[in-house]
Amino acid sequence: MRYVTLGRTDLTVSEFGFGCIPIIRFSKDDSVKVLRHAFERGITFFDTANAYRDSEEKIGIAFAGKRDSVVLASKTLKRGSEDAMGHLENSLRMLKTDHLDLYQLHQIAQEKDWREVTGPAGALEALMKAKATGKVRYIGVTSHNLQMALKMVRSGLFDTIQFPFNLIEDGAKEELLGATREMGMGFIGMKPFGGGVIDNAAVAFKFLRNHSNVVPIPGFETCEQVDEIISCYSEANVISGQDLEIMENYRRELGKKFCRRCEYCQPCPQGVMITPAMGYPIVASRMSPSVAVEFCRNAMESVLLCAECGACIERCPYELPITEILKANYALYEKHLKEKQA
Ligand code: SF4
Ligand code: SF4
């Protein structure tokens, strides 16, 4: 395992980290086992969120007594100062620590989010105070929206950005990576498997390793998966013609089906929560159907409000057939709901 410095911070992290959504699905014992295995194999960077249910608590258990050997990152979806501080205190309690190495504003996509977090009594104010008192060492931000991400990087307010980066979602490749480098920021690559749709780990990581200043954070479910990715990193990165062909096939096959969660399609005049509803199958596969029906209930129920006006489809830069996908996702949600109630 190689270790790298995360942008201008003094945080040294393993060249890829552990994105801790998938451990939601497993018992405490199983989650702790895979977290500790990852650590024993050299992974030192663990990224979680207040929104990821008991993920923080499991990490806290796994690394009790080893706090100084791991770099812990979490995040809050709260937009106001008081609420964000409440989330941070909760993260500290769950993670059994008195400080977080990185605390991030989670999923800033729209101007409204940006105005709220940076305005008076906004979440950023709370994070700045937490940094001044040592509860947080560095402040980061996460987004799926390229324009917003660029704006946030150029604001100079953050130490890191977390953005989707994989062989299908490579829109960040030029401009965002370049801007992050210029600002000396760390780039944390979320969704290295496209949220689960890229099933060839070797090829997925050949693409990622070609971008040396990106620290990907795959989510692991088993110790074997940890070992598999570590073995990808143990050899020189040679991308063959066949690998390039496989990458192109993924792009061709998934390009017109895959929601990048960029939110350019919103707002919906009927109040449909398009982006979370588009991502329902991915959430269900990562969190389990029984958790996903609760987690996504509001978004999925809002699908019923769709009047099929087509406004979102016109705004989607990837020309996704949004209404068709929403209908299919709603059918899947209904199936999962029935299974849960049975
Ligand atoms: S449907 Fe299109 S515009 Fe909307 S979030 Fe997904 S990729 Fe972005
Ligand atoms: S097609 Fe449906 S989801 Fe899209 S903007 Fe119109 S009402 Fe909203």
Side-chain angles (χ1 to χ4, degrees), residues 16 19 21-22 109 143-146 149 163-177 189-211 214 216-222 224-225 228-229 231-232 237-266 274-289 292 296 299-300 303 306 308 310 312-333 335-336:
F16 65 93
I21 294 186
S143 185
H144 289 75
N145 180 303
L146 183 57
F163 195 80
F165 198 65
N166 57 60
L167 61 91
I168 311 169
E169 291 175 279
D170 62 352
K173 210 161 56 183
E174 311 293 341
E175 212 176 350
L176 186 59
L177 270 182
M190 69 166 102
K191 299 192 173 61
F193 298 112
V197 296
I198 302 166
D199 49 10
N200 187 327
V203 167
F205 277 84
K206 280 188 179 183
F207 170 83
L208 291 164
R209 288 181 68 198
N210 226 16
H211 301 279
V214 176
I217 46 167
F220 298 107
E221 298 184 358
T222 63
E224 290 71 29
Q225 285 176 351
E228 185 184 10
I229 304 303
S231 76
C232 292
N237 198 35
V238 180
I239 300 181
S240 67
Q242 197 189 359
D243 294 328
L244 289 174
E245 211 174 296
I246 294 170
M247 290 179 199
E248 239 357 89
N249 281 343
Y250 274 119
R251 290 180 188 121
R252 236 189 336 266
E253 282 172 24
L254 296 169
K256 285 282 162 72
K257 294 183 200 158
F258 182 65
C259 173
R260 279 79 167 170
R261 305 193 54 174
C262 57
E263 299 195 11
Y264 291 127
C265 53
Q266 300 196 71
I274 304 170
T275 312
M278 289 289 280
Y280 179 75
I282 290 176
V283 176
S285 77
R286 298 184 92 194
M287 288 188 173
S288 86
C296 303
M300 295 317 294
V303 170
C306 177
E308 303 200 26
C312 55
I313 298 174
E314 277 173 30
R315 291 195 290 252
C316 174
Y318 307 101
E319 299 171 15
L320 301 188
I322 297 176
T323 48
E324 270 172 45
I325 296 174
L326 288 179
K327 277 185 203 162
N329 289 358
Y330 188 81
L332 183 66
Y333 162 76
K335 177 175 169 282
H336 290 161

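Residues: numbered from 1 along the sequence shown.
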Between Phe193 and Tyr250, does the ring centroid distance fall short of 6.0 Å?
no

Donor-acceptor under 3.5 Å (Arg209 side chain, Cys232 main chain)
yes

With rounding to the nearest 0.5 Å, note down the distance linking CE in Met247 to CD1 in Ile198.
9.5 Å

Pair Cys259-Ile325, side chain to side chain contact (heavy atoms under 4.5 Å, CB included): steps then yes or no:
CA-CA 10 Å; Cys259 173; Ile325 296 174; over 6 Å; no

Under 3.5 Å, is there a donor-acceptor pair between the side chain of Lys206 and the main chain of Val238?
yes

Looking at CD1 of Ile246 and CG of Asn200, how far apart are the two atoms once the value is rounded to the nearest 0.5 Å?
5.5 Å

Taking every heavy atom of Ala277 against every heavy atom of Asn329, the minimum-distance pair comes out as O-ND2, 2.9 Å

Once you round to the nearest 0.5 Å, how far does SG of Cys265 lie from CZ of Arg260?
12.0 Å

Asn166 side chain to Pro192 backbone, donor-acceptor under 3.5 Å
no

Between Phe207 and Phe165, how do the two ring planes meet: parallel, tilted or perpendicular, split at 30° and 60°?
tilted

Before you tell me yes or no, could you show the steps for Leu146 and Phe163 under side chain to side chain contact (heavy atoms under 4.5 Å, CB included), namely the whole-Å CA-CA distance, both residues' side-chain angles and the distance that decides it to 0.1 Å?
CA-CA 8 Å; Leu146 183 57; Phe163 195 80; 4.1 Å; yes

Check whether any side-chain N or O of Asp243 sits under 3.5 Å from a backbone N or O of Ser240 as a donor-acceptor pair, and report yes or no.
yes

If every non-hydrogen atom of Val283 is compared with every non-hydrogen atom of Ala292, which pair is closest and at what distance?
CG1-CB, 4.0 Å

Let me confirm one number: the SG-CE distance from Cys312 to Met278, rounded to the nearest 0.5 Å.
8.0 Å

If I compare all heavy atoms of Val197 with all of Ile168, which pair ends up nearest, and what's the gap?
CG2-CD1, 3.9 Å

Measure across Ala109 and Ser143 and return the closest heavy-atom pair with its distance rounded to 0.1 Å.
CA-OG, 4.2 Å

Report yes or no: does Arg261 contribute a side-chain atom to a donor-acceptor pair with the main-chain N or O of Thr275 at less than 3.5 Å?
no

If every non-hydrogen atom of Pro22 is compared with every non-hydrogen atom of Glu221, which pair is closest and at what distance?
CB-CG, 3.8 Å

Roughly how far apart are Leu208 CG and Ile229 CD1, rounded to 0.5 Å?
9.5 Å

Salt-bridge criterion met for Glu324 and Lys327 (N-O under 4.0 Å)
no

Please report the shortest heavy-atom distance between Ala284 and His336, naming the atom on each side.
CB-CE1, 3.8 Å

When rounded to the nearest 0.5 angstrom, what distance separates NZ in Lys191 from NE2 in His144?
3.0 Å

